[in-house]
Amino acid sequence: MLDIRYIRENPEKVQQAAKDKGYNVSISELLKLDDERRDLQSQVDDLRKKRNDNAAKMKGGKPEQSLIDEGKQIKIELAEREEYLTNAEKEFTDLLWQVPNITFEDVPVGGEEDSVEIKQWGEQKTGAIDHLDFAIKRDWVDFERGAKVAGAKFYYLKGDLALLENAITQFALTKLQEKGFTFMTVPHLVNQRTLTGTGFAPRTSEQSDEYAIEGEDLSLIGTAEISLTGYHADEIIDEDRLPLMYAGLSPSYRKEAGASGKHTRGLFRVHQFSKLEMYAFTLPEQSQEVHEKLLAIEEEIWQAIGIPYHVINIASGDLGAPAAKKFDIEYWSPVDGTYRELTSCSNCTDFQARNLNIRVRRKDGSLETVHTLNGTAVSLARSLITVIENFQNEDGTLTVPEVLRPYLGGREVL
RNA sequence: GGAGAGGUGACCGAGUGGUUGAAGGUACCGGUCUUGAAAACCGGCAAGGUGUAAAAGCCUUCGAGGGUUCGAAUCCCUCCCUCUCCGCCA
């Protein structure tokens with residue numbers, strides 16, 4: 001959530017940012033609720049002071065009946081006001097949670113088509129066999145049995161393709177260790193507070209992309225970002241420890257409920273895939289620099305493997321609530337002759353951190369909310385698509401990208 | 001899953017109904033001392049809300065939520081978590 005004090009001082013800016021992001025929230029309504037809440041708060045505070053003063057009077061010895069009677073009267077009034085306050089607080093908080101993060105100046109305004117390409121790398125080849133056809137011919141993937149065991153869009157990876165996935169993971173993991181990230185495995189199930197605090201499930205709606213465990217306060221994570229954000233919840237971190245850089249490996253579980261009409265063939269959009277995620281907790285003044293750094297690492301990975309791509313600066317309407325700015329890397333698909341989403345890298349500024357109460361203790365003793373950032377190092381299912389599409393041979397074999405060979409026992413061809 | 005113990009400030013740790021927002025220690029900040037540092041000593045130091053030019057002031061917070069009471073960190077109930085032992089198990 002945003003800082004209510006910031007919203008009070010910049011109502012137009014917040015309203016405009018919400019509009020640019022496609023969120024229909026009324027800031028004037030929010031501020032009205034804020035006033036009501038504060039008014040009730042001061043009424044309650046006054047009554048509590050009366051109660052405390054009254055109680056203090058009879059601290060010493062035998063209380064007088066008149067004081068006790070007065071105390072009882074205050075108690076009744078207070079209970080009534082407190083109920084009003086509780087309701088007002090809830091109404092206010094519910095609306096505050098619906099306000100999305102503001103965006104940076106250099107974020108293009110508009111929808112998906114307004115995102116701006118800021119870089120291209122590699123050769124745009126054309127004319128390759130679709131990854132699914134290619135993989136099925138090699139008996140590398142089995143969606144039919146995945147459907148039998150779990151349902152549509154679940155799958156088995158088999159043999160060399162499963163080994164290739166492992167090789168890509170190991171390669172990326174090694175790279176991130178060199179960059180100073182701390183490798184982590186994380187809980188794959190998280191509670192509601194962590195999920196909503198990260199900004200994922202719209203708390204009011206049931207159209208969540210997350211699988212929830214019935215009868216438990218637990219949901220399957222759609223990305224390790226969720227578990228990693230919650231890692232430092234309610235903590236105060238010393239300034240000189242930041243930035244903290246983590247690399248989390250986990251499966252990502254997604255219902256993909258609203259995915260109809262989107263590109264879904266094969267491994268591109270599935271209910272479960274492995275992903276190695278970069279995550280950073282930073283000082284506010286560091287986050288933009290770290291954001292660029294995360295993007296640079298992503299580029300380094302795809303360049304090393306040899307996958308053509310471009311980088312886009314995502315337009316406001318596609319950012320989602322928590323992000324102030326987002327870079328996507330899209331790989332070049334020689335099958336479709338177009339770019340497709342591969343990784344994503346967001347600066348969420350203090351939005352998630354405020355939800356989960358993650359702060360930094362400055363050298364001068366003051367407290368401030370930290371900034372959080374996340375970026376995909378490799379999402380495995382899509383990584384496999386890129387390699388199959390870009391490294392396939394006419395005889396049905398697959399050339400192993402050089403940097404991956406050490407993780408495949410030196411094999412050059414699969 | 002069963003039995004017991006416990007959850008207090010950035011951290012450790014006192015505190016069982018009324019100057020306890022909370023002793024003491026550590027860390028941190030400022031100072032004295034020192035060529036410099038350390039040590040020692042002196043002082044400061046919870047968070048959130050409200051309020052203010054800035055303060056002061058006021059309210060809240062001792063795992064969470066209810067309850068008892070004129071008054072709760074302290075008593076009662078429910079839940080969550082941690083630790084120890086037993087059971088089970090990769």
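All values below come from the heavy atoms of this structure, side chains included, with hydrogens, waters and symmetry mates left out. All chains are named by letter (A, B, ...) in the order of the sequence lines, taking the proteins before the strands, and each is independently numbered beginning at 1. None of the values given here were measured: they were computed from a predicted structure.
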**Student:** Hey, does Arg359(A) reach any base, or is it just sugar-phosphate, or nothing, if we go heavy atoms under 4.0 Å?
**Tutor:**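 Since only primed, P, OP1 and OP2 atoms lie under 4.0 Å of Arg359(A), the category is sugar-phosphate.
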**Student:** Using OP1 and OP2 only, check whether a side-chain N or O of Lys49(A) sits under 4.0 Å from rC58(B).
**Tutor:**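 No, outside the criterion.
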**Student:** May I ask you to say what Asn52(A) touches in the nucleic acid, namely base, sugar-phosphate or nothing, with a heavy-atom cut-off under 4.0 Å?
**Tutor:**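 Sugar-phosphate contact only.
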**Student:** rG49(B), OP1 or OP2 - any side-chain N/O from Arg5(A) closer than 4.0 Å?
**Tutor:**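 It does, given that an N or O in the side chain of Arg5(A) lies less than 4.0 Å from OP1 or OP2 of rG49(B).
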**Student:** Check this one for me: any side-chain N or O of Arg361(A) less than 4.0 Å away from OP1 or OP2 of rA47(B)?
**Tutor:**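 So the side-chain polar atoms of Arg361(A) do come within 4.0 Å of the phosphate oxygens OP1 or OP2 of rA47(B), strictly under.
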**Student:** Quick one: label Arg362(A) by what it contacts on the DNA or RNA (base, sugar-phosphate, nothing), any heavy atom closer than 4.0 Å.
**Tutor:**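 Result for Arg362(A) = nothing.
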**Student:** State whether a side-chain donor-acceptor pair under 3.5 Å links Glu91(A) with Asn87(A).
**Tutor:**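 Looking only at side-chain atoms, Asn87(A) and Glu91(A) do not form any donor-acceptor pair under 3.5 Å.
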**Student:** Using a cut-off of 4.0 Å on non-hydrogen atoms, how would the nucleic acid contact of Ile74(A) be classed: base, sugar-phosphate, or nothing?
**Tutor:**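 Answer is nothing: Ile74(A) stays at 4.0 Å or more from every strand.
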**Student:** My understanding is that a pair needs two contacts under 3.5 Å, Watson-Crick or G-U wobble. By that rule, which nucleotide pairs with rC41(B)?
**Tutor:**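 Across all strands, the one nucleotide that pairs with rC41(B) is rG31(B).
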**Student:** Considering just the side-chain nitrogens and oxygens of Arg51(A), establish if one lies under 4.0 Å of OP1 or OP2 belonging to rC59(B).
**Tutor:**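 False: Arg51(A) side-chain N/O out of range (4.0 Å or more) of rC59(B) OP1/OP2.
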**Student:** Please list each protein N or O that sits under 3.5 Å from an N or O in nucleotides 88-90 of chain B, with the distance.
**Tutor:**
none

**Student:** Can a salt bridge be assigned to the pair Glu239(A) and Arg362(A) using a cut-off of 4.0 Å between side-chain N and carboxylate O?
**Tutor:**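 So Glu239(A) pairs with Arg362(A) through a salt bridge.
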